[in-house]
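The block underneath contains the structure these notes are about, expressed in structure tokens.
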Amino acid sequence: MMKEYNVVILGATGAVGMRMVDQLANSTVPVKSLKLLASAHSAGKQMEFKGEKITVEETTNDSFDNVDLVLASAGGAASKKFLPEAVKRGAVCVDNTSAFRMDPEVPLVVPEVNPEQLKNHKGIIANPNCSTIQMVVALAPVFKKYGLKQVIVSTYQAASGAGQSALNEFYQQAKDYLDGKQMSADILPTAGDKKHYPLAFNLLPQIDVFEDEGYTHEEWKMIHETKKIMLNDMNATDLKVTATCVRVPVPISHGESVYFEVEDNNASATDIKKTISDAAGVTLQDDPDHQVYPQPLNAEGKRETFAGRIRPDQENKGCFNMWVVADNLLKGAAWNTVENAERLVDEDLVRVPKNHYQG
């Protein structure tokens, strides 16, 4: 008889949490029971799962009693507070926040890229940043076949990447602008900084706060997460990565201009296209003669990552340009979380080891 699991979704009422509920309903995870958790503010709301109404509960430590699997997207503070407690009570957690990504005890997993790391979990598995996920899905098959020396990425990140409140603010700004009214800004480029600017009809070359040498934390995350996923070492020097992250006036789906250098100088753009088209989780959309290339509008609501406009750098042999797009709320968050859960179930890894994560 197939084993069934008691599942919790932490942060169920958020933009990603709502999509987790939907993705779980359409997954292969055999759910015995589902508990939806959020803050006291959202407790009492009702959500639907496979035709059943479930009342959202306020999160407490006791919420994780008799739970097998936790899918979390309630913010880093909530994850740090509740997930180690959930692990102590026997639950395996897949976390979609930045709370544990760089923790050496926590695997950082994209199922199409490094699923073997799941077996090393100590009760918590981390989802990478949304912008990192789609890039490594597209680059991983190239890396495995031709090697990678360096990656230079410029992102075009959607408003929803900053959360539902930022998306709502963006919509209001667009309406105000078109109505000839003054736009107000209270959230972007990041709620944690001193100044705020409108995103509507604008570009903001700042995602998260500024850190050392003028890089934002989002850029830092892309650099070090890519190395941890690809080489299992966030500070690896064998792969050079740099990033410029920009928030753009698009509701959902991130775009990325990815420039990369392979180790095999005999690789051609045709080879790269074939390698990507054969890979799991990525769809090649690359037909310039018919203006076929990935677009955010077309990626919205889809689980896969889309790659196109693959072409050689005519000045530097072994270097290529590529355009990558994915729904940041699905593959960049909710679906990657549920996909990790599917892998954990398939490989019988939904169990907390004795040397579990202590926090």
Side-chain angles (χ1 to χ4, degrees), residues 101-102 108 110 113-114 128-158 161 189 203-208 210-231 233-248 250 253-269 271-273 275-276 279 282 284-286 288 293-294 296 305-326 328 331-332:
R101 288 173 184 159
M102 292 295 102
L108 185 66
V110 179
V113 181
N114 61 335
N129 188 34
C130 48
S131 50
T132 304
I133 289 174
Q134 66 186 66
M135 183 176 77
V136 298
V137 167
L139 283 176
V142 177
F143 174 58
K144 290 172 183 174
K145 188 162 187 178
Y146 301 107
L148 277 177
K149 289 184 178 180
Q150 70 169 337
V151 177
I152 302 170
V153 58
S154 296
T155 71
Y156 302 69
Q157 293 180 231
L203 299 171
L204 298 174
Q206 178 190 356
I207 300 179
D208 216 321
F210 282 101
E211 298 184 335
D212 295 343
E213 298 185 303
Y215 281 80
T216 65
H217 189 56
E218 184 84 356
E219 292 157 352
W220 184 94
K221 285 188 287 188
M222 285 201 76
I223 293 166
H224 295 284
E225 287 178 13
T226 300
K227 294 183 178 195
K228 183 174 180 180
I229 295 164
M230 297 286 208
L231 300 172
D233 178 0
M234 64 175 281
N235 295 309
T237 57
D238 291 345
L239 175 60
K240 298 182 182 351
V241 184
T242 192
T244 298
C245 296
V246 181
R247 189 75 69 191
V248 300
V250 169
S253 298
H254 294 344
E256 295 173 347
S257 174
V258 184
Y259 179 90
F260 59 96
E261 180 181 5
V262 298
E263 292 177 346
D264 184 353
N265 276 341
N266 293 316
S268 67
D271 295 331
I272 301 293
K273 290 178 187 180
T275 299
I276 289 175
V282 58
L284 184 71
Q285 294 181 329
D286 197 322
Y293 37 73
T305 295
F306 300 90
R309 298 223 55 214
I310 298 168
R311 60 204 187 277
D313 176 352
Q314 296 177 336
E315 306 289 340
N316 295 286
K317 192 169 178 59
C319 298
F320 300 87
N321 292 282
M322 175 169 61
W323 175 244
V324 179
V325 174
N328 56 293
K331 183 52 192 169

How far apart are the closest heavy atoms of Ala269 and Pro312, and which atoms are they? CB-CD, 3.8 Å

Examine distances only and state if a side-chain atom of Lys227 and a backbone atom of Ala236 form a donor-acceptor pair shorter than 3.5 Å. yes

Applying side-chain contact (heavy atoms from CB on, under 4.5 Å) to Tyr146 and not counting sequence neighbours gives Val142, Val262, Asp264, Ala267, Asp271, Ile272, Thr275

Closest non-hydrogen atom pair between Trp323 and Pro294, with its separation: NE1-O, 2.9 Å

Between Asn265 and Gly318 the two heavy atoms that sit nearest each other are OD1-CA, 3.6 Å

Residue pairs involving residues 132-152 (criterion salt bridge (Lys or Arg N to Asp or Glu O under 4.0 Å); sequence neighbours excluded): Lys149-Glu261

State whether the side chain of Gln206 and the backbone N or O of Asp208 hold a donor-acceptor pair below 3.5 Å, judged by distance alone. yes

Straight-line distance of Ile310 CD1 to Ile276 CD1, nearest 0.5 Å: 3.5 Å

Could you walk me through whether Asn316 and Tyr259 pass the side chain to side chain contact (heavy atoms under 4.5 Å, CB included) test, one step at a time? CA-CA 11 Å; Asn316 295 286; Tyr259 179 90; 3.8 Å; yes

Any Phe260 side-chain heavy atom under 4.5 Å of Leu148 side chain: yes

Interatomic spacing from CE in Met222 to OG1 in Thr216 - rounded to 0.5 Å: 10.0 Å

OH (Tyr215) with more than 12 external heavy atoms under 6.0 Å: no

Side chain Ser257, main chain Ser154, donor-acceptor under 3.5 Å: no

Do the side chains of Pro128 and Val136 get nearer than 4.5 Å, heavy atoms only? no

Measure the shortest side-chain to side-chain distance between Thr155 and Glu218 over non-hydrogen atoms and say whether it is less than 4.5 angstrom. no

Please round to the nearest 0.5 Å and tell me the distance separating atom CE of Met322 and atom NZ of Lys273. 12.0 Å

Could you tell me which non-hydrogen atom of Lys331 sits nearest to which non-hydrogen atom of Thr305, and how far apart they are? CG-OG1, 3.7 Å

Qualifying salt bridge (Lys or Arg N to Asp or Glu O under 4.0 Å) pairs with a residue from residues 309-321, counting only residues at least two apart or across chains: none

What are the two closest heavy atoms between Val153 and Val258, and how far apart are they? CG2-CG2, 4.0 Å

Please work out which of the three classes, parallel, tilted or perpendicular, describes the rings of His224 and Trp220, given edges at 30° and 60°. tilted

Would you compute the distance between atom CE of Met135 and atom OG1 of Thr226 and round it to the nearest 0.5 angstrom? 3.5 Å

Here the pair of heavy atoms bringing Ser253 nearest to Val325 is CB-CG1, 4.3 Å

Point-to-point distance, once rounded to the nearest 0.5 Å, from CG of Asn328 to CD of Gln134: 7.5 Å

Distance (rounded to the nearest 0.5 Å) between Thr132 OG1 and His254 NE2: 9.5 Å

Quick one: do Glu225 and Lys228 make a salt bridge, cutoff under 4.0 Å? no

Without swapping roles, check the side chain of Arg247 against the backbone of Ala158 for a donor-acceptor pair under 3.5 Å. yes

